[in-house]
Amino acid sequence: MGRRTSTQSVAFLSETLTPTMADRIRSTKLKFKGEKNKKKRKRHDDDIEEGRSTKRREDDKDPDTWVLPEQANEIRGPTFIFHPSDPSPISINFNSTTNRIVIHLLDKTKGEDDSTAPALLEQIPTDVAQVWVTTRVAGSPTINLRTGTGEGKFLSCDKHGLVSADRDARGPQEEWTPVIFPDGMVAFMNVYEKYLSVDEVAGGSLQLRGDSEEVGFRERFWVKIQNKFKKEAHEEERKRKEVTAPPKIDESSTNRLYQTWGAGKIVLSKDDKNEASARALTHVLLKLKQARKEGRLAEALLDRRSKLKSDRFC
């Protein structure tokens, strides 16, 4: 009987290998005794791809791209303010030569092809005179609007509603509270609880006023900020929520950290054992939640440990 070639050997093995034997073949993956097989989590590929593409689009966006703010705390840094006036939208500019606020017609600003002006929400500043620098007052929802050109004057409004930009220092009259509406438009309220508006004066010219008591079409502006400052606001909000979040009630981890006996197990004290067994842990949890609400969670956990054994083990 001749010697089989390698191809014949593989064919012979595949013929002689029955399904029963194939089922008995063990995996070469290293397993420990008593280890349970992990269940694979089913995930929808479409949802994963959609979430990744959305995050990718946000990350790929240029930090200097002009975007609309979604929350009042996002209005910061270089700011472009314009109004959907009829028949032509206008922007709020500052002339550093005359130190005066100028109402600029955006239809005069052509696109890159010098033929048509961009759509209203696609408007971006084309001149430094159209940009205001927004700074926030620490611990307050108010903002300051400073000119981006010249010596950096602050936008202010006096008690008579006269709006100007000739102040070198900021005070109560230079503070504005932005109010964002569901459609994305913004109203600016001054310290006298009146709103900034575009007013038409004699001769058909436009000027800013700060004495409107209600928000209407004249008091609603479009505001654009740079994308990097919007991300900065989101990051600050995330950190603030992490700091102000209430501490978690994890008695087992606290016991493992502070007590040297019991292997960190939760042991009921005599007071807890006097309660019905089914209600004991619920009663303890309610007490700890009340202590957390009052700001003395660590003290309550220490009191519980002190009741479980001698003081020297707490």
Query raised in the report: Just by distance, do the side chain of Glu74 and the backbone of Glu70 share a donor-acceptor pair under 3.5 Å?
Result: yes
Query raised in the report: Applying the 4.5 Å side-chain criterion to the ILVMFWY set and letting contacts propagate, would Leu68 and Phe80 be lumped into a single cluster?
Result: yes
Query - Salt bridge present between Arg220 and Asp183 (N-O < 4.0 angstrom) - result: yes
Query - Where Asp211 and Lys194 come nearest, the two heavy atoms and their spacing - result: CA-CB, 3.9 Å
**Report entry** No-hydrogen, no-angle side-chain donor-acceptor test under 3.5 Å, Ser91 and Asn93
**Finding:** yes
Query raised in the report: Looking at CD1 of Ile124 and CG of Leu121, how far apart are the two atoms once the value is rounded to the nearest 0.5 Å?
Result: 13.0 Å
Query raised in the report: Same hydrophobic cluster for Phe217 and Val215, using side-chain heavy-atom links shorter than 4.5 Å among ILVMFWY?
Result: no
Query raised in the report: CG/Leu145 to NZ/Lys153 distance, rounded to the nearest 0.5 angstrom?
Result: 16.0 Å
Query raised in the report: Which atom names give the shortest non-hydrogen contact between Trp176 and Cys157, and what distance separates them?
Result: CH2-CB, 3.6 Å
Query raised in the report: Between Val186 and Trp222, is a side chain to side chain contact (heavy atoms under 4.5 Å, CB included) present by the stated rule, with each step listed?
Result: CA-CA 6 Å; Val186 183; Trp222 287 109; over 6 Å; no
Report summary line: Heavy atoms of Lys230 and Val67 approach each other most closely as CD-CG2, 3.9 Å
Query - Glu213 atom CD: more than 12 heavy-atom contacts under 6.0 Å - result: no
Requested in this report: Check the side chains of Ser212 and Glu219 for a donor-acceptor pair under 3.5 angstrom, ignoring hydrogens and angles.
Outcome: yes
Query raised in the report: Taking the side chain as C-beta and beyond, is there a heavy-atom pair between Leu155 and Arg146 under 4.5 Å?
Result: no
Query raised in the report: Looking only at heavy atoms, what is the nearest atom pair of Gly148 and Val133, with distance?
Result: CA-CG2, 4.2 Å
Report summary line: Heavy-atom nearest pair, Gln173 first then Val191, reads CA-CG1, 4.3 Å
Query raised in the report: Which distance, rounded to the nearest 0.5 Å, do you find between the OG1 of Thr134 and the CG of Asn144?
Result: 9.0 Å
Query raised in the report: Within a strict 4.5 Å, meaning less than it, do heavy atoms of the Pro63 and Asn227 side chains meet?
Result: no
Report task. In plain terms, say whether Glu294 and Arg292 are close enough for a salt bridge, that is, a side-chain N and a carboxylate O under 4.0 Å apart. Result -> no
Report task. Evaluate the side-chain hydrogen bond (donor to acceptor under 3.5 Å, both in side chains) criterion for residues Ser197 and Asp199: first the C-alpha distance (whole Å), next the side-chain angles of each, then the deciding distance (0.1 Å), finally the verdict. Result -> CA-CA 6 Å; Ser197 65; Asp199 188 26; over 6 Å; no
Requested in this report: Give the intermediate values and the outcome of salt bridge (charged side-chain N to carboxylate O under 4.0 Å, His left out) for residues Arg238 and Glu235.
Outcome: CA-CA 5 Å; Arg238 184 185 63 82; Glu235 186 67 18; 2.3 Å; yes
Query raised in the report: Once you round to the nearest 0.5 Å, how far does OG1 of Thr65 lie from CD1 of Ile225?
Result: 11.5 Å
Query raised in the report: Any link between Leu105 and Val102 through a network of hydrophobic side chains (Ile, Leu, Val, Met, Phe, Trp, Tyr) touching at under 4.5 Å?
Result: no
Query raised in the report: If you round to the nearest 0.5 Å, how far is OG of Ser88 from CG of Leu120?
Result: 10.0 Å
Query raised in the report: Between His234 and Phe229, does the ring centroid distance fall short of 6.0 Å?
Result: no
Query raised in the report: Does one hydrophobic cluster hold both Leu162 and Tyr192, with members joined at side-chain heavy-atom distances below 4.5 Å?
Result: no
Query - Side-chain donor-acceptor pair present, Thr177, Thr142, cut-off under 3.5 Å - result: no
Query - Atom pair CG/CD1 of Leu206 and Ile90 - distance to nearest 0.5 Å - result: 5.0 Å
Query - Electrostatic pair Glu236-Arg76, nearest N-O below 4.0 angstrom - result: yes
Report task. Could you pull out all residues at least two apart from Arg100 that satisfy side-chain hydrogen bond (donor to acceptor under 3.5 Å, both in side chains)? Result -> none
Query raised in the report: Looking just at side-chain N and O atoms, do Tyr195 and Glu214 make a donor-acceptor pair shorter than 3.5 Å?
Result: no
**Report entry** Main-chain N/O of Ile92 paired with Trp132 side-chain donor or acceptor, under 3.5 Å
**Finding:** yes
Query raised in the report: If two hydrophobic side chains count as joined below 4.5 Å and joins carry through other members, does Phe188 share a cluster with Phe154?
Result: no
Requested in this report: State, to 0.1 Å, how close Gln130 and Pro125 come at their nearest heavy-atom pair, and which atoms those are.
Outcome: OE1-CA, 3.2 Å
Query raised in the report: Under the side chain to side chain contact (heavy atoms under 4.5 Å, CB included) criterion, do Thr79 and Val131 qualify, and how do the steps go?
Result: CA-CA 6 Å; Thr79 306; Val131 178; over 6 Å; no
Query raised in the report: Does Leu196 reach the side chain of Leu208, with side-chain heavy atoms less than 4.5 Å apart?
Result: yes
Query raised in the report: Are any non-hydrogen side-chain atoms of Phe221 and Val198 less than 4.5 angstrom apart?
Result: yes
Requested in this report: Dump the intermediate steps for side chain to side chain contact (heavy atoms under 4.5 Å, CB included) on Lys228 and Asp64, then the final yes or no.
Outcome: CA-CA 6 Å; Lys228 58 184 176 183; Asp64 294 331; 3.3 Å; yes
Query raised in the report: Between Arg170 and Glu175, is there a side-chain N and carboxylate O pair less than 4.0 Å apart?
Result: no
